[in-house]
2 protein chains.
Amino acid sequence: MNIEYHLDRVDYDILRLMQENARINNADIARELGMAPSAILERVKKLEQKAVILQYNAKINPAALGQKLLSFIFIRAADGIGCATTGQALAAIPEVQEVHDIAGDDGYLVKVRTADSAALVELMRSSFAKIPNIISTRTTIVLETVKEEQKLVIPSEQQE
Amino acid sequence: MNIEYHLDRVDYDILRLMQENARINNADIARELGMAPSAILERVKKLEQKAVILQYNAKINPAALGQKLLSFIFIRAADGIGCATTGQALAAIPEVQEVHDIAGDDGYLVKVRTADSAALVELMRSSFAKIPNIISTRTTIVLETVKEEQKLVIPSEQQE
DNA sequence: GCTGAAAGTCGCCAGGT
DNA sequence: ACCTGGCGACTTTCAGC
């Protein structure tokens, strides 16, 4: 399945504006791009429908919710080839923000946010331990996050 | 500097709704919570001002922009203690989505999105190579992303 | 695919409790 | 901190090109 996207300059401009501030209104986008608001609305709906725009998120300060510890955990699993059970079990844990199937060690890289190290240990004892195929884990603690964004590089000129 | 946040149940509800859909309007939030829109507006503005809400993002499908490769790169640097030069240089690269200062190997964990492996190599040759203090790098390729969200766990009942 | 107009809502700011 | 009320602006739909 290889869906083809046909995005033009206006689409890129919309994506760029939306990526900077998802709460920008259609009228402002329209003014910025010199078009009618109804045209923008039409395009945005198509971008959503084509799953180019996946969702709109508010980025919340983790410290405000007392979630001061960020960790990356490498997990080796005994899954068979193409078996995604362990990955899905990991993804089901709310504190787990990301689960990536990585090359090399038939394993996963997982990003986890907890209040502190005690909460991390508790999470691993309670949730991770219940996942059958996990062989071993290696945890890396983040001391400080310098940058954390989901923003993609959007083509700036020309292109179709 | 340890800012104190005083979030109550209504704030958590607002954050929960905003986190699910940042483009929800004040009137809908107000209806959901049984309050007047003006009260919601007031609270949202305070949450923004207190940096509880950091920003509103549109999550864009990387495949739609041809960015099919996700990689994590461990970088060892010769920075002195508390010297953040290398981290900032890494953060300045647009393809770099995340830079974390990690414990253990006086190094950084960096998350990078590129079109393909050729683009990654090119990026490392052109951008990374210009950062003086980098000693070595170890790259981990993501085969498949099972989950990728920034959503935090928000307290669901009681609490102040 | 875009424009322009019309109807329905909403954002936002008073003022008051 | 919250509600009510009101005006200007926005959203959304639809006809027409």
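Throughout, a chain's letter reflects where its sequence line sits, starting with A, and its residues are numbered from 1. This structure is a prediction, so every number in the text was calculated from the model and none was measured.
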Euclidean distance, atom [atom1] of residue [X] to atom [atom2] of [N] [Å, nearest integer]:
X	N	atom1	atom2	answer
B/Arg31	C/dT9	CZ	C1'	9 Å
A/Leu33	C/dG1	CG	C1'	15 Å
B/Asp11	D/dA1	CG	P	9 Å
B/Glu32	C/dC10	CD	C1'	17 Å
A/Ile29	D/dT11	CD1	P	8 Å
B/Glu42	C/dG16	CD	P	17 Å
A/Lys45	C/dC2	NZ	P	15 Å
B/Glu48	C/dG11	CD	P	13 Å

Is the shortest distance from a Lys or Arg side-chain nitrogen in B/Glu95 or A/Lys151 to a carboxylate oxygen in the other one below 4.0 Å?
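Answer for the salt bridge query: no.
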Do B/Arg16 and B/Asp11 sit within salt-bridge range, that is, some charged N less than 4.0 Å from a carboxylate O?
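A salt bridge is absent here (no side-chain N lies under 4.0 Å from a carboxylate O).
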Nucleotide nearest [X] (side chain, heavy atoms from C-beta), chosen from [options]:
X	options	value
A/Ala36	C/dT3, D/dC3, D/dC10	C/dT3
B/Asn25	D/dA1, D/dC10, C/dG11	C/dG11
B/Lys46	C/dG4, D/dA1, D/dT13	D/dA1

CA sep, side-chain torsions, deciding dist, call: A/Ile73, A/Val112, side-chain contact (heavy atoms from CB on, under 4.5 Å)
CA-CA 8 Å; A/Ile73 308 178; A/Val112 179; 4.0 Å; yes
Would you classify A/Arg23 as touching base, sugar-phosphate or nothing, given that sugar-phosphate means primed atoms plus P, OP1 and OP2, and contacts are heavy atoms under 4.0 Å?
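The residue A/Arg23 makes no contact with any strand.
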Contact class for B/Ala39 vs. all strands (heavy atom < 4.0 Å): base, sugar-phosphate, or nothing?
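Sugar-phosphate only.
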Is there, by distance only and without an angle test, a donor paired with an acceptor across the side chain of A/Ser38 and the base of C/dG4 below 3.5 Å?
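Answer is yes: a donor-acceptor pair is held.
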Apply side-chain contact (heavy atoms from CB on, under 4.5 Å) to A/Arg113 and A/Lys68, showing your working.
CA-CA 8 Å; A/Arg113 234 176 244 284; A/Lys68 289 168 291 185; over 6 Å; no
A/Lys59 side chain to B/Ile53 main-chain N or O, any donor-acceptor pair under 3.5 Å?
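Checked: no pair found.
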Does D/dT12 have OP1 or OP2 sitting under 4.0 Å from an N or O in the side chain of A/Asn26?
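Yes, because at least one side-chain N or O of A/Asn26 sits under 4.0 Å from OP1 or OP2 of D/dT12.
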